[in-house]
Amino acid sequence: MNSHIMPTYARLSVTFARGEGAWLWDEDDKRYLDALSGIAVCNLGHVHPAVTDAICKQSARLLHTSNLYQIAAQEKLADKLTEMSGMTNVFFSNSGAEANEAAIKLARRFGHSKDIDVPTIIVMEKSFHGRTLATLSATGNAKIQQGFAPLVDGFVRVPYNDITAIKTILSENTSIAAILVEPVQGEGGVNIPDGDYLTQIRRLCDEYDILMMLDEIQTGIGRTGKFLAFQYNGILPDVCTLAKALGNGVPIGACLAHGRAVDVFISGTHGSTFGGNPLACSAALAVLDTLSEGNLIAQAAQKGDAIAKAFNDKLKDNPHIVNIRHLGLMIGIELDQPCGELVTRALEAGLLINVTQEKVIRLLPPIIIDAQQINQLVDTLSALIQELTA
Ligand SMILES: *Cc1c(COP(=O)(O)O)cnc(C)c1O
């Protein structure tokens with residue numbers, strides 16, 4: 001542990017030296033199977049050749065010029081992103097929190113345009129939207145907010161997957177400008193809502209003329225078996241935020257708008273020095289080209305089903321499994337007991353996993369994981385779970 005780095009993370013004692021696909025190697029050349037993908041970032045696996053090639057070529061040509069000028073790669077990326085998502089226009093940022101900051105600012109401007117004095121956004125319990133002041137205020141986790149008062153105003157909170165609670169607030173509170181929600185809650189414990197949850201939210205947002213804003217930072221870019229999770233519902237949100245896997249490891253975020261959200265930001269209302277720079281956009285373009293050329297997104301759905309089924313088979317007689325849930329390659333195995341120690345035990349066994357909400361094993365393997373690696377993941381982790389719960 002380096003004392004010159006602020007101790008904001010309780011890091012595991014391993015340093016990775018290189019990676020390839022679903023594999024990582026530490027400094028002693030021990031090999032690990034990565035079932036976390038740098039927290040849903042390296043969806044195409046480590047050091048994907050198309051991304052590496054794009055970064056190398058772009059870095060030899062031009063890294064940065066600022067948004068005071070036209071940026072060809074940014075324009076191409078915006079075209080491709082809107083084509084693949086059905087959204088209309090994009091603001092580029094460098095991270096997920098910044099993409100959500102853009103969405104929150106957009107919602108406030110939209111509210112003021114409707115003469116709402118204190119535009120308010122409905123957010124969910126157990127949500128995660130980032131660590132900046134506005135996004136941690138939107139986040140439904142007291143631990144993340146602890147010590148950072150005064151928080152940013154203008155959020156009201158309801159339980160996740162509860163349409164009635166949203167309806168109640170909408171009928172009572174005339175200051176609501178938007179609803180911000182994750183299609184599947186990641187940090188909150190891989191919580192998958194009812195199949196018509198997003199469709200119902202879409203209807204309510206239309207009825208009340210407010211913005212439907214989806215945080216797809218973790219669910220997006222093929223992770224759930226669709227390019228974006230809302231595509232399961234055949235709807236379009238007004239705002240959608242992306243980051244994590246968009247650059248497969250190169251920092252980039254995006255706030256996409258459609259419908260009544262398209263014209264809210266005008267010249268001078270938002271900005272970013274780095275946002276959408278040539279290097280990051282070239283990487284993201286390579287990611288989107290790779291995803292749309294092959295059948296990788298369909299594979300995410302198939303592999304997710306296969307992994308969940310394999311865990312169900314292996315663990316069906318274990319009474320400590322509450323349930324195994326997944327949407328594509330967003331997989332949660334909930335135990336009836338705290339299981340954080342599985343993370344270090346798995347690390348020793350050469351496997352990278354995550355535990356969230358103390359009792360939920362969260363798996364976010366790369367979409368390129370192969371059948372043999374899936375077997376290794378299922379065998380290794382099932383054995384560790386059996387051992388822990390024995
Ligand atoms: C990771 C994440 C964020 C924050 O992204 P950063 O790039 O860490 O700022 C926001 N929302 C969701 C759903 C996330 O998973």
Side-chain angles (χ1 to χ4, degrees), residues 6 8-9 11 36-43 91-107 121-141 143-145 148 152 155 157 160-161 178-193 197-198 201 212-224 226 228-230 237 239-256 272 274-277 280 283-284 287 326-332 354-357 360 362-366:
M6 289 195 192
T8 56
Y9 281 92
R11 295 169 198 268
L36 194 59
S37 308
I39 321 180
V41 168
C42 301
N43 281 7
F91 174 86
F92 287 106
S93 66
N94 314 291
S95 68
E98 287 171 87
N100 282 337
E101 285 278 344
I104 292 164
K105 282 182 67 175
L106 193 154
I121 301 173
I122 298 179
V123 291
M124 307 302 152
E125 289 174 8
K126 290 194 177 174
S127 62
F128 182 77
H129 298 298
R131 300 288 201 142
T132 62
L133 263 180
T135 59
L136 79 83
S137 301
T139 289
N141 181 333
K143 262 199 244 163
I144 284 174
Q145 297 174 339
F148 297 111
V152 173
F155 298 101
R157 200 171 300 285
Y160 190 59
N161 197 26
I179 301 175
L180 174 63
V181 59
E182 296 154 86
V184 174
Q185 289 186 328
E187 309 300 310
V190 191
N191 303 319
I192 303 168
Y197 182 56
L198 297 185
I201 289 178
M212 176 181 187
M213 309 206 296
L214 289 181
D215 179 341
E216 291 247 20
I217 290 164
Q218 189 158 153
T219 51
I221 324 294
R223 169 62 47 193
T224 69
K226 295 278 186 192
L228 300 173
F230 69 70
V239 174
C240 172
T241 53
L242 301 174
K244 290 205 163 90
L246 181 54
N248 206 55
V250 176
I252 180 169
C255 176
L256 286 71
S272 167
F274 289 130
N277 93 358
V287 169
H326 79 288
L327 190 64
L329 285 170
M330 233 174 139
I331 303 158
N354 176 250
V355 167
T356 183
Q357 301 289 318
V360 183
R362 178 173 51 156
L363 304 176
L364 301 160

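Counting convention: from 1, in listed order, for ligands and their atoms alike.
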Using a 4.0 Å cutoff against the non-hydrogen atoms of Glu182, which atoms of ligand 1 qualify?
13 (C)
Using modelled atom types only, decide if a donor and an acceptor are shared between the side chain of Arg157 and the backbone of Ala138 within a distance under 3.5 Å.
yes
Side-chain heavy-atom pair Cys255, Val239 within 4.5 angstrom cut-off:
yes
For Ala97 versus Arg131, what's the shortest heavy-atom pair and its separation?
CB-N, 4.2 Å
Contact region, Ala243 to ligand 1, non-hydrogen atoms below 4.0 Å, reads neither
Quick one: which of Asp215, Ile252, Thr219, Val184 has a heavy atom closest to atom 13 (C) of ligand 1?
Asp215
Contacting atoms of ligand 1, where contact means under 4.0 angstrom from a heavy atom of Asn100
10 (C), 11 (N)
Close-contact set for ligand 1 against Lys244 heavy atoms, below 4.0 Å:
1 (C), 2 (C), 3 (C), 14 (C), 15 (O)
Min side-chain heavy-atom separation Asp215-Met213 under 4.5 Å
no
Numbered in order shown, the ligand 1 atoms found under 4.0 Å of a heavy atom of Gln218 are 15 (O)
If the cut-off is 4.0 Å to any non-hydrogen atom of Ala97, which atoms of ligand 1 fall inside it?
4 (C), 5 (O), 6 (P), 9 (O)
Under 4.0 Å from atom 9 (O) of ligand 1, is there at least one protein heavy atom?
yes
Would you check whether Gly130 has a nitrogen or oxygen atom less than 3.5 angstrom from a nitrogen or oxygen atom of ligand 1?
no
Considering the heavy atoms of Gly96, write down every atom of ligand 1 situated less than 4.0 Å from one of them.
5 (O), 6 (P), 7 (O), 9 (O)
Quick check: do Ile39 and Lys244 have side-chain heavy atoms less than 4.5 Å from each other?
yes
Could you pull out all residues at least two apart from Ala280 that satisfy side chain to side chain contact (heavy atoms under 4.5 Å, CB included)?
Val250, Ile252, Asn277
Restricting to pairs with a member in residues 182-191, which pass salt bridge (charged side-chain N to carboxylate O under 4.0 Å, His left out), not counting sequence neighbours?
Glu187-Arg362
